[in-house]
Chemist: 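One structure, as structure tokens, below. Some questions next.
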Amino acid sequence: MHYERSVRMTEAVEKLTKKSEDSSKWYLQLVRMAKLADYGPVRGTFAIRPYGFAIWERIQRDLDDRFKATGHVNAYFPLFIPESYLKKEAEHVEGFDPEVAWVTTAGREELEERIAVRPTSETIICEFYRRWIHSYRDLPVLVNQWSNFVRWEKVTRPFLRTTEVLWQEGHTVHATAEEAREETLRMLGVYRDCFAETLSIPVLTGQKSPSERFAGAVETFTCEALMGDGRALQSATSHDLGQNFSKAFDITFLDENQDRVHPFQTSWGFSTRAVGALILVHGDDRGLKIPPKLAPVEAVIVPIWRGKNKSEVRTEAQKLYTELKAAGLRAELDLDEEHSPGWKFNEHELRGVPVRVEIGPKDIEKSQAVLVRRDTGEKEFVGRGGLPERLTVLLGEIQDNMMRQATEFRDANTRHAGSYDEFKEIIAEKRGFVVAPWDGTLETEQKIKEDTKATIRLLPFEREDGTDLISGKPGKTAIFARAY
RNA sequence: CGGGACGUGGCGCAGUCUGGUAGCGCACUCGGCUGGGGGCCGAGUGGUCGCCGGUUCAAAUCCGGCCGUCCCGACCA
């Protein structure tokens, strides 16, 4: 397997801006320098380059396995949706109307009805579900699709907010409200586990406030992650759609009692935005840091040779590479002769490779190799015999350590506000998550947003009683933050 | 969509104020020496200066319009 070099070919060896100095500039530079993505000619469009796509592929596989394990199957639905379909659910149209891309012409003919490029697939899928569902015996329908969608965004950033997005959208149908709610929460848990176990990102889960709810949903649940700059990122959502769509699209089935009733639906999505989260949560001044389970390359071997013993070192490095591959590790051997070892060290750190394996004349003499971990920079010398085993253990340690560090960061940046002044001070000076009681009204939610730019990220499942900091009325716990 | 900044080889920039025939660093190509934290020397390739129009003997430079990018707001996965 071979990915493009991060800096060779066309990119300049610029010094990466410090994350703490200008995190936005840092992010944009890193995306391009590490060859994750490149800008397209239409605003908000991006090519995801091989290395970036390899990360997405690993996320895809991980999620897909989890979906299959919870009984779901994959299918594919049309990209094009007639305008009339989109309009059937009132809230849904209103929510998406400002950002839908329309096809009005085909070849040289003007179309009779505008066709939407899907901004999400609820409506088109309902068309099929109406045809496919007749009896309670047809339920539940547990279908997922891997697809793209288009939303015409005003402000775009690679991975975080793009015009075209790759994602996965699950669309399920159930006989009862309870079952649909159960499914909604089950998939929220699947997302949470994927973030924690694979991306090493600790997310908070909970319910959205009504104003942040998905257009057309009864209830929206979310995974919120905290980025390195203290801002929150909505990283995946799961919606309980109730009967809103089944009524609008007239999906019905005969239940056990011979009654014709509308089923209950859910939808849930996880997009390439997660790659943005990965960069922002783990990245540092030296570049990316990819958790081993996600890393396209778990370990890169950098041979260190001098003119006289080049062939000997090369042979040893190749042998080592074969051993690592045989042990099932995703290893890469960097035999490039153009660059110095130091150059390669920097480059592989930029790309976030979890472990670097150095092998040079001194190591060959001592029958050892040097392991350097990306997350801590720690170096260790390991005898050649036990190398694959030690590496496997080390990768597990790195995976866990990255999760631990991210969790510590999140916890250290989650603060309780005792007064509105304190609330404002935290958001202005420290950012992060702020825990405070909310009286449940749109007024206080909006007031906070106007004053501080912070929004309710979620309402946790366990909420304590308290007093709203603004209105003084009784309230319950909400989590606030400035969001991406 | 409002406020601000910026568009010059692949990337980062200088030149614009004061018009005069485009330059630097890195990347890229070739050769040689190097190689344990972004090596060195030499020789090269590459740009109708975002687009359209205007002023002028002459425009990267002045004027007008448009497009795009980034930052700050409003809207969102």
Side-chain angles (χ1 to χ4, degrees), chain A residues 5-17 22-25 27-29 32-33 35 38-44 94-100 119-120 148-157 159-169 191 208 211-215 220 222-225 233-239 267-274 276-277 286-287 302-310 313-314 334 336-350 356-364 369-370 372 377 379 381 449-450 453 455 482-484:
Chain A
R5 295 225 72 127
S6 66
V7 179
R8 249 188 104 199
M9 311 295 287
T10 54
E11 258 70 15
V13 184
E14 331 155 49
K15 283 272 181 273
L16 182 62
T17 300
D22 185 342
S23 75
S24 179
K25 195 170 175 187
Y27 178 84
L28 261 10
Q29 273 181 3
R32 307 192 70 188
M33 286 170 74
K35 295 206 168 173
D38 198 7
Y39 292 78
V42 173
R43 174 162 48 76
E94 205 183 314
F96 283 101
D97 189 56
E99 40 187 13
V100 173
T120 179
N148 56 349
F149 67 72
V150 169
R151 294 178 198 170
W152 222 259
E153 298 286 349
K154 306 246 159 82
V155 181
T156 61
R157 306 226 283 160
F159 297 113
L160 296 172
R161 173 162 293 108
T162 55
T163 300
E164 182 186 356
V165 177
L166 297 187
W167 75 337
Q168 144 291 304
E169 47 179 329
Y191 289 154
K208 281 291 185 188
S211 69
E212 300 262 336
R213 208 180 268 155
F214 176 76
T220 287
T222 181
C223 293
E224 297 283 326
L233 183 73
Q234 179 172 311
S235 306
T237 47
S238 185
H239 315 290
S267 69
W268 24 277
F270 185 115
S271 74
T272 40
R273 177 181 258 193
R286 309 187 70 81
V302 179
I304 291 145
W305 46 47
R306 292 176 202 287
K308 10 187 166 6
N309 51 29
K310 187 179 275 190
V313 174
R314 187 193 285 115
D334 190 350
D336 188 339
E337 301 198 15
E338 311 277 311
H339 297 283
S340 66
W343 191 95
K344 293 177 182 176
F345 297 169
N346 283 293
E347 196 209 16
H348 297 302
E349 280 166 11
L350 180 76
R356 175 175 79 238
V357 183
E358 299 172 23
I359 181 155
K362 291 185 226 161
D363 305 307
I364 294 171
V370 186
V372 184
K379 216 178 231 199
F381 301 86
K449 190 174 179 183
E450 278 165 33
K453 293 173 198 151
T455 49
R482 286 181 66 168
Y484 265 88

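Per chain, numbering begins at 1; letters A, B, ... match sequence-line order. Note that this is a predicted model, so its numbers are computed, not measured.
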Chemist: What contact category does A:S271 fall into here, base, sugar-phosphate, or nothing, at under 4.0 angstrom with non-hydrogen atoms?
Modeler: base
Chemist: Taking only N/O atoms, report every protein-nucleotides 39-47 of chain B pair under 3.5 Å with atom names and distance.
Modeler:
residue, atom, partner, partner atom, Å
B:G39, OP2, A:S340, OG, 2.5

Chemist: Could you pull out the closest heavy-atom pair between A:T120 and A:W167, with the gap in Å?
Modeler: OG1-CH2, 3.7 Å
Chemist: Between B:G37 and A:E349, counting only base atoms on the nucleotide and side-chain atoms on the residue, is there a donor-acceptor pair under 3.5 Å?
Modeler: yes
Chemist: With a 4.0 Å cut-off on heavy atoms, is A:T163 in touch with a base, just the backbone sugar-phosphate, or nothing at all?
Modeler: nothing
Chemist: Going by modelled atom types, is there a donor-acceptor pair between the base of B:G38 and the side chain of A:R286 at under 3.5 Å?
Modeler: no
Chemist: For A:L233, which contact category applies under a 4.0 Å heavy-atom criterion: base, sugar-phosphate, or nothing?
Modeler: nothing
Chemist: Can you work out whether A:I364 or A:F159 has the more 5'-proximal nearest nucleotide on RNA chain B?
Modeler: A:I364
Chemist: Touch check for A:G360, heavy atoms < 4.0 angstrom, all strands: base, sugar-phosphate only, or nothing?
Modeler: base
Chemist: Would you kindly check if the NZ (Lys) or CZ (Arg) of A:R356 is within the cone defined by 45 degrees around the ring axis of A:F345 and under 6.0 Å from the six-membered ring centre?
Modeler: yes
Chemist: Under 4.0 angstrom, heavy atoms only, what part of the nucleic acid is A:V370 near: base, sugar-phosphate, or nothing?
Modeler: base
Chemist: Give me the atom names and distance for the closest heavy-atom approach of A:T162 to A:E153.
Modeler: O-CG, 3.9 Å
Chemist: If we call it a pair only when both distances are under 3.5 Å in a Watson-Crick or G-U wobble match, what pairs with B:C51?
Modeler: B:G65
Chemist: If you look at every strand shown and take non-hydrogen atoms under 4.0 Å, does A:R213 touch a base, only sugar-phosphate, or nothing?
Modeler: nothing
Chemist: Between B:G44 and B:C71, how many Å separate the two C1' atoms, rounded to a whole number?
Modeler: 40 Å
Chemist: Check every strand shown and say whether A:S235 touches a base, only sugar-phosphate, or nothing at a heavy-atom separation below 4.0 Å.
Modeler: nothing
Chemist: What does the list of N/O pairs under 3.5 Å between the protein and nucleotides 74-76 of chain B look like, with a distance for each?
Modeler:
residue, atom, partner, partner atom, Å
B:C75, OP2, A:K449, NZ, 3.3
B:C76, O2, A:R161, NE, 2.5
B:C76, O2, A:R161, NH2, 2.2
B:C76, N3, A:R161, NH2, 2.5

Chemist: Take A:E164 and A:D363, find for each the nucleotide of RNA chain B with the closest heavy atom, and name the residue whose nucleotide sits nearer the 5' end.
Modeler: A:D363
